> 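First, the structure itself, so that you have it in front of you.
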2 protein chains.
Amino acid sequence: MANPWTMKMEQFTRFSHEERQMLDRLISERQRQYAPGEDILREGDHSPDCHVVLSGLASRYKLLPNGERQIMAFLVPGDLCDAEIFILKEMDHSVAAMSPARVALISGEQMKELLSGQGRIAQALWWGTLTDLAVLRERVVDHGRRDAYERIAHLLYEMLVRYRMVGMTTDETLEFPITQADLADATGLTPMHVSRMLGKLRDENLISLKNKTLTILDPERLKEIAGFNPNYLHLDRAHDQRDNVADRAGDLV
Amino acid sequence: MANPWTMKMEQFTRFSHEERQMLDRLISERQRQYAPGEDILREGDHSPDCHVVLSGLASRYKLLPNGERQIMAFLVPGDLCDAEIFILKEMDHSVAAMSPARVALISGEQMKELLSGQGRIAQALWWGTLTDLAVLRERVVDHGRRDAYERIAHLLYEMLVRYRMVGMTTDETLEFPITQADLADATGLTPMHVSRMLGKLRDENLISLKNKTLTILDPERLKEIAGFNPNYLHLDRAHDQRDNVADRAGDLV
DNA sequence: CGACGGCTTGAGGTAAGTCAATCCACGTGG
DNA sequence: CCACGTGGATTGACTTACCTCAAGCCGTCG
């Protein structure tokens, strides 16, 4: 079973056996467990290490002067928390675990070597960063031009595709530890309104969500409602021959 | 007078004479002029060249199925349009000129060499991409947690700082070819509401905007209203000794 | 002169927010 | 085993920020 970091990057390119072994070694050297709600990185920090989520769920967020929180992204297994660490002086936002999360620590030095190499790993890391950019752009579209209902539909559908990428689900059911308050902070809505919209999605038999478990009952219609266009995820290999479960992400796009 | 690309990157690091010459040469080899409204890159494109804005203003945008447009970023001189070009298969959004714009073309090959080098230029390019990410995150905060008035204040103040970075203004006055309809598509508001909010900013003697010229009359209060925290721009050298005009961007932050 | 793009202003409508009560699932301790 | 507290979800009545529709203005250009 591949590690999620490798698995994610292999949506972009295929690694050699040696490359896979190297990535496996890197993430197994040092790991740390975080409790739900615990900060992995805090605004203003400068950690010597990069952090890769291996299991659980995390969020990027900012706290505003008035105490409000805006979640800018959810991080699923395989996602890098802080690509910036070896270039920028300090974090401009925080990252917190939303469920029990296992995180691999990779030294800035090792990361730098990976990135400045000529190989596929350097390319895959660039791909990851550029894809993060694209996901964030889509979030801006979400907030600017989709109403609450579409916005939540889009977010849920995107989570499904991203979970697929790293083999965290093979059907339409996924772990979903995100509370409605979190969802509100991510979508720019109030928890009450999120509740109403989720209720509506349930009433329409599009999703089922209970006990931190989300099932997409009607992916096709949900995708339609969300106005979901998968091109921004840049799953270049999505329609390759099926050689592992992660490739099934291609079925959704 | 330094070219804006160099100037922007020197907010992050100081280049050697040779590095500056190299960058100058790269952007002078091939250039192209675009008319207002003309597309520089279109969703689905795969250009062999990277594009750097040298003068004028451009925007990243997406068109939605229903014909609405969402502007995700404004590009000022010194900004790279398409860092993705040598990694991703195709553009997931478009870029258009908003005023007469001069753009330098740099071949993907040359770009790849710059990026995979060990020197300061590679680092500065990474810095640029990571800063784009940070600006986009701030846009999400804007849309999620600031009301129309604060949102527009924030956008205007950010433009002032970014113009400063590349020496496009030394006081509080800048070229502002962005129409209210554009501003509406960038902020997720309607043009009518943008008009009302600009009117309010004018009434409060915070800005003056006519003939495509914007003057920030009261930067201190505008910054306050916007809840502007400059850390996300990562102007690491902002408080260095003042050796060129661009460093005055540091005065605002 | 009229036409047109960009901006402004007003009246009325609606999506989403606010405030507040209630409910439910849980864990914890007496 | 029940009492209780707590975090999360739900529901309802009322408010508001922003939208829609529509008219009118102003400068520019053919």
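Order of the sequence lines sets the chain letters (A, B, ...), proteins ahead of strands, with each chain counted from 1. Keep in mind that this is a model prediction, so the values were computed, not measured.
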> Supply the atom-to-atom distance B/Met197 CE to B/Gln180 CD, rounded to the nearest 0.5 angstrom.
11.5 Å
> Passes side-chain hydrogen bond (donor to acceptor under 3.5 Å, both in side chains), A/Thr179 versus A/Asp182? Steps please.
CA-CA 5 Å; A/Thr179 67; A/Asp182 298 330; 3.0 Å; yes
> With the threshold set at 4.0 Å, does a side-chain nitrogen-carboxylate oxygen contact exist between A/Lys200 and A/Asp203?
no
> Using whole Å, what does the distance between atom C1' of nucleotide D/dA17 and atom CD1 of B/Ile152 come to?
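Going from B/Ile152 (CD1) to D/dA17 (C1'), I get 13 Å.
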> Among B/Pro77, B/Pro4, B/Ser28, find the one that has a side chain to side chain contact (heavy atoms under 4.5 Å, CB included) with B/Leu54.
B/Pro4
> Starting at the 5' end of nucleotides 24-30 of chain D, put B wherever the base has a protein heavy atom under 4.0 Å, S where only the sugar-phosphate does, and a dash everywhere else.
-------
> Between A/Glu90 and A/Arg42, does any side-chain N to carboxylate O distance fall below 4.0 Å?
no
> Is the number of heavy atoms from other residues, nucleotides or ligands under 6.0 Å of A/Glu68 CD greater than 12?
yes
> Looking at B/Glu43 and A/Arg137, is there a salt bridge between them, counting it only when a charged N and a carboxylate O are closer than 4.0 Å?
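So A/Arg137 does not pair with B/Glu43 through a salt bridge.
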> Who passes salt bridge (charged side-chain N to carboxylate O under 4.0 Å, His left out) against A/Glu38, sequence neighbours left out?
A/Arg32
> So if I apply the side chain to side chain contact (heavy atoms under 4.5 Å, CB included) rule between A/Leu160 and each of A/Leu214, A/Thr173, A/Ile207, A/Thr169, which one comes out positive?
A/Thr169
> So which of residues 137-151 of chain A are in contact with DNA chain C, with a heavy-atom cut-off of under 4.0 Å?
A/Asp147, A/Ala148
> Please list all pairs meeting ring pair (Phe, Tyr, Trp, His ring centres under 6.0 Å) that have one or both residues in residues 156-204 of chain A, counting only residues at least two apart or in different chains.
A/Tyr157-A/Phe228
> Tell me the bend of the helix from C/dC1-D/dG30 to C/dG30-D/dC1 as the angle between end helix axes, each from five pairs, rounded to the nearest 10 degrees.
20°
> With a 4.0 Å cut-off on heavy atoms, is A/Gly37 in touch with a base, just the backbone sugar-phosphate, or nothing at all?
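Here A/Gly37 touches no strand at all.
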> Could you tell me whether B/Arg162 and B/Glu138 make a salt bridge, using a distance below 4.0 angstrom between a side-chain N and a carboxylate O?
no
> Does CD in A/Glu175 sit with more than 12 non-hydrogen atoms of other residues, nucleotides or ligands closer than 6.0 Å?
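Count not over threshold, so no.
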> Evaluate the side-chain contact (heavy atoms from CB on, under 4.5 Å) criterion for residues B/Leu174 and B/Met168: first the C-alpha distance (whole Å), next the side-chain angles of each, then the deciding distance (0.1 Å), finally the verdict.
CA-CA 7 Å; B/Leu174 39 128; B/Met168 302 270 301; over 6 Å; no
> Within the sub-3.5 Å range, which N or O atoms of nucleotides 6-13 of chain C have a protein N or O partner, and how far apart are they?
from   : atom 1 : to       : atom 2 : distance (Å)
C/dC7  : OP2    : B/Gln180 : N      : 2.8
C/dT8  : OP1    : B/Arg202 : NH2    : 2.8
C/dT8  : OP2    : B/Gln180 : OE1    : 3.3
C/dT8  : OP2    : B/Gln180 : NE2    : 2.6
C/dT8  : OP2    : B/Ser195 : OG     : 2.9
C/dG10 : N7     : B/Arg196 : NH1    : 3.3

